[in-house]
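Working notes, beginning with the structure itself.
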Amino acid sequence: MNDTLPFSRHLSRPVAVSNGKAARVTDKLVDYCIVLCDRGLSTMEAVEQLTYLLMLKLEDERLSLPHSLVEESWPAPPEPYRWGSLTQRQGDDLVAHFSEVLSHRSRHGAGTMLDGVFAGAQNHLHDAGLLRRLVCDLFETATWSAHGADVLGDAYDALLERAMNDVRSGAGQYFTPRPLIDAIVEAIQPELTDTFADPACGTGGFLIGVHNYLTQHQLARATSDEKARYRTQQIRGQELVPRAAQLATTNLLLHGFASAGQPAVIAVGDALAQPPDQHASLVLAHPPFGRHAAIPVGPFNTPRRDAHARADFVTGSTDKQVNFLQHIMSLTAAPGRAAVVVPDNILFATGAAENVRRHLLEHFDVHTVLRLPPGIFYSGGVMTNVVFFERPSRHTDDRPQTSKVWVYDLRSGRQFAPGHAALRRSDLEDFVSVYLPGRPRTDRVETDHFRCFDVQDVLNQDQARLDLTWAPEPTGVGRLAPPEEIAYDVVHDLRLALAEFEELAAELHDETD
């Protein structure tokens, strides 16, 4: 694949992008995104419209190459629905034709990566003058494919980060910061022989993180067959929200992960609806934080008496985070490894959460917990962790598969805020260092921030809690969250507590029948 071709809250200014060219491209895209938002589009609608125009332009540049350089697996769309059909139009004719182009592209796809970009595409640009500026001034005046995958991928990443930080989501669909993704991937050290999965892939951050790591360390030495298998068979994602799946697909294309004509690697649908049909040797995920039940519920949000947990689940629950953790446990191959971002309550809640924790400790090797400070995700009071675990080839005796749980405390009074005191890669350097990537965990050494706990001490606790600490957390330190964020977090915690009481009530009701 030719590396120069990328197919192989009011918005703040983008954070610094290390690549100077990428920063300039990002500035252009963000400037027009701001203009679109000023004209009444939501941030996500603005990003979508820019995405459609950018991909149409890149497709046209690729298809304009000599025939021998164009992928045979990529059939060219009819001329009336390509980029060139937009450049000679203006006024209402341009608006109407752009709508027609998107409608055609959304209906006539054949399941390729590029088709995934246009799935369900609609035109929200009804200002003819603005659409003309986008077509002729922003995109037509430059050869965008000449920027290469590094520039376009970094620029699109920065645009998505600005957009995600601009969108408040009560459902907890947060954008995972690139520094955190890179630190997790570096600690785990993916191999080209791995199969990778993210069952809640959002905009594709973890998939991009794995791809960037392998590009730097292994892909250059891979054979053509190994590269083809990696791009078409070894990485897959799933996303419930079609809009997010579109952005993730675009992100993968712009980073040079895949060719536009290959089968889609991101499926749209509910990962919790049924057991996985394939397993992965490496699962990385940041499931959405929400309270939507994944099993049928009855009055007062309690599980219906005829509702059953999935056959591969330890227990039924109305807590989406509990169910996603169970799904990831099931999705992880034996042997295999995983890292998953979870809210604090997963580490200490009773009921279904405790049952799952005990099963995880007994049947998997839960070797590391990274305690994250507040403010990494949009809601300043949301407290999160990354749980690292491995699934052994087989469980041969009655002893727990976990022996030691190492906990790294990145909190210590620190607090971050997207777009302001943002998390940096250097903030995680010490964690990656003491994690000892690629080395035996028996070589690990305790530090002020990194401590080891015996699994029997954990299991002997009443709740098998994993929110393990060794010093009182300082209070009154860091940025005080805005009142609306504090109120949201109070409501979120109350709902979690209510759900636990409802689950307990349902269990007691079943026991009395």
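Since we're looking at a predicted model, the values are computed, not measured. Worth knowing before you read on, the calculation uses all heavy atoms, side chains too, and leaves out hydrogens, waters and symmetry mates.
Contact check for D157 versus R178: side-chain heavy atoms found under the 4.5 Å cut-off. Annotation: side chain of T402 is in contact with side chain of V366 (closest heavy-atom distance under 4.5 Å). Counting only heavy atoms from C-beta outward, the side chains of F453 and W470 approach each other to under 4.5 Å. Side-chain contact between I376 and P177 is present, with at least one heavy-atom pair separated by less than 4.5 Å. Inter-residue side-chain proximity for F313 and M329 is flagged as unmet; no heavy-atom pair is nearer than 4.5 Å. Contact of the R231 side chain with the K227 side chain is registered, since non-hydrogen atoms from C-beta on lie closer than 4.5 Å. Looking at D115 and T112, their side chains come closer than 4.5 Å, going by heavy atoms from C-beta outward.
A cation-pi arrangement is not found for R337 relative to F389, the charged atom failing to lie both closer than 6.0 Å to the ring centre and inside a 45° cone about the ring normal.
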Given the rule in the side chain to side chain contact (heavy atoms under 4.5 Å, CB included) test, do M113 and V117 qualify, once you have shown the distances and angles that lead to the verdict? CA-CA 7 Å; M113 289 289 290; V117 174; over 6 Å; no
Working note: L361 + V458, criterion side chain to side chain contact (heavy atoms under 4.5 Å, CB included); need CA distance, chi angles, decisive distance, verdict. CA-CA 9 Å; L361 289 164; V458 177; 3.9 Å; yes
Does the pair L428 and L410 meet the rule for a side chain to side chain contact (heavy atoms under 4.5 Å, CB included), with working shown? CA-CA 8 Å; L428 291 152; L410 190 62; 3.7 Å; yes
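Here F196 and F206 keep their ring centres 6.0 angstrom or further from each other.
The main-chain N or O of L372 is never found under 3.5 Å from a side-chain atom of N385 such that the two would form a donor-acceptor pair. Using modelled atom types, one side-chain atom of R357 and one backbone atom of I346 make a donor-acceptor pair closer than 3.5 Å. Between the side chain of H255 and the backbone N or O of N212, no donor-acceptor pair lies under 3.5 Å.
Using a cutoff of 4.0 Å between basic side-chain nitrogens and carboxylate oxygens, D182 and R425 are not scored as salt-bridged. Remark: R424 does not engage E429 in a salt bridge, criterion side-chain N to carboxylate O under 4.0 Å. Ion pair R310/D312 flagged as a salt bridge, since at least one NZ, NE, NH1 or NH2 atom sits closer than 4.0 Å to an Asp/Glu carboxylate oxygen.
Ring geometry for F431 against F388 counts as tilted: the plane angle lies between 30° and 60°, on a 0 to 90° scale. Between Y230 and F257, the ring planes are perpendicular. Angles over 60° get that label, and only those under 30° would be called parallel. The aromatic rings of H104 and H108 lie parallel to each other, their planes meeting at an angle below 30°, with 60° marking the opposite boundary.
Checked by atom type, the side-chain pair T51/Y156 shows a donor-acceptor distance below 3.5 Å. Between Q218 and E191, the side chains place a donor N or O and an acceptor N or O closer than 3.5 Å (distance only, hydrogens not considered). Side chains of N251 and T203: a donor-acceptor N/O pair is absent below 3.5 angstrom, by distance only. A side-chain N or O of T368 and one of R444 form a donor-acceptor pair less than 3.5 Å apart.
Tested against K404, the residues D454, D365, D457 include a single salt bridge (Lys or Arg N to Asp or Glu O under 4.0 Å) partner, D454.
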